[in-house]
Novice: 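My questions all concern the structure below.
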Amino acid sequence: MKLLHHIRRLVTCAAGRDSISDAALVWDADRILWVGPLAELPSAYVHAERYDVDGCLVIPGLVDCHTHLAFGGWRSDEFGLRCKGATYQEIAARGGGIASTMAKTRAASEEELYQRCAGFLYEMTALGVTTVECKSGYGLTVEEELKLLRVYRRLQQTMPQMIVATCLGAHIIPLEYKQDRDGYIDLLCKELLPRVAAEKLASFCDVFVEMGAFSTEEAWEILERGNQLGMRPKLHADQLSDGGGGELAASVRAISADHLEYTNAAGIRAMAQAGVIAVSLPLASLYLNKPPLDARKFLAAGVPVAVATDFNPGSAPSYHLPLAMTLACTMNHLSPAEALRGATIVAAQALGLENEVGSLEPGKRADFVLIDVESVDQWLYHFVPNAATAVYVRGERHETGSRSHS
Ligand SMILES: [Zn+2]
């Protein structure tokens, strides 16, 4: 049994007592036993092994609920073109974009992709990220999609973080099916999704709904098929135009709808009624220089807003979740406290994991981050490469190499 003490402020992100001063946290193996003011420490825990955190802020381990972690190569050549004014759609029309990453991903072996993802996850741990959702979607054949999902399964078995896999076979229509959209959708519904379900390789099924990707009707068919096979729907929706994504997410009982920069008021109301979580991806808005989502509209309607990176080689080539949280404040109009909830408990809800991670409460996984600042406001306001001084994943301490910033 272990105990952190001398915590200046502990932000639980739990319902009720959200922030505790002069706090202590007790855990055993990978589970939290108790959190509260040190002065109220139950006698059962007074002999726990003590660790003085020297006045740090302690927060729950961060949850990145939207990444495209496994991909081959990068696309820095397109970054230069985009900076000079080329649009995402123009680059895609020239064979760049997702199609170019698809070619590099198909050329990479399962072992190469595994090693690369493990390296990304190692660096994400140092930033305080202890749960990561990972999408396939750069294979776009049955075998290549299965290859990516098997990389994620191996990461689930070998990495300390909690890894959650999503099948995004419906990312774009691959070049070889350009003249036969229905053929590709058949391949997804009749071959890929059943095999993913049979091997239990993914918890969720996702579709990119956009001009140049999939229509609302096509997405409905794919997501319903995923639902039948036990994979709850997620959506990339309304990122570059209003495609009715909010209503679609509600109609297929999606656990989350992600992007939503152009979602209309009716869509937001439909999401609220259906209990769909909105996932904001402000790094994509930053890199594409596109209008960001206004989180206040969603919160006012009763839709919780999660914050994630969308880490991918095109529109969001960064896995820096604390940077996304700062941007969620400046671009999406979340308060720092709301951005923290968005990257912890609300993100956990977007993965159906709110009973396991995302807040500091007895019974939950012992995932927490020590940050050498006095408050969440100070942390997200004074951006530094990494403010986390130590990260505990399943109760095990990981050093981050960061110095004090206070
Ligand atoms: Zn995405």
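Bear in mind the structure is a predicted one, so any value in this text is a computation, not a measurement. In each ligand, atom 1 is the first atom listed, and ligand 1 is the first ligand listed.
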Novice: Would you list the atom pairs, donor with acceptor, under 3.5 Å between side chains in residues 160-167 and any protein atom, with sequence neighbours excluded?
Specialist:
from	atom 1	to	atom 2	distance (Å)
Gln161	OE1	Thr125	OG1	3.4
Gln161	NE2	Leu121	O	3.1
Gln161	NE2	Thr125	OG1	2.9
Gln161	NE2	Val129	O	3.1
Thr166	OG1	Glu133	OE2	2.6

Novice: When you check the side-chain N and O atoms of Gln115 and Glu111, is any donor under 3.5 Å from an acceptor?
Specialist: yes
Novice: Just verifying a value: how many Å separate Lys104 NZ and Leu113 CG, rounded to the nearest 0.5 Å?
Specialist: 13.0 Å
Novice: Checking Arg17 against Thr12: is there a side-chain donor and acceptor pair closer than 3.5 Å?
Specialist: no
Novice: Under 3.5 Å, is there a donor on one side chain and an acceptor on the other for Asn332 and Ser280?
Specialist: yes
Novice: What protein N/O/S atoms lie closer than 2.8 Å to the Zn ion (ligand 1)?
Specialist: His66 NE2, His68 NE2, His236 NE2, Asp310 OD1
Novice: So how far is it from Phe71 CZ to Asn312 CG, rounded to the nearest 0.5 Å?
Specialist: 7.0 Å
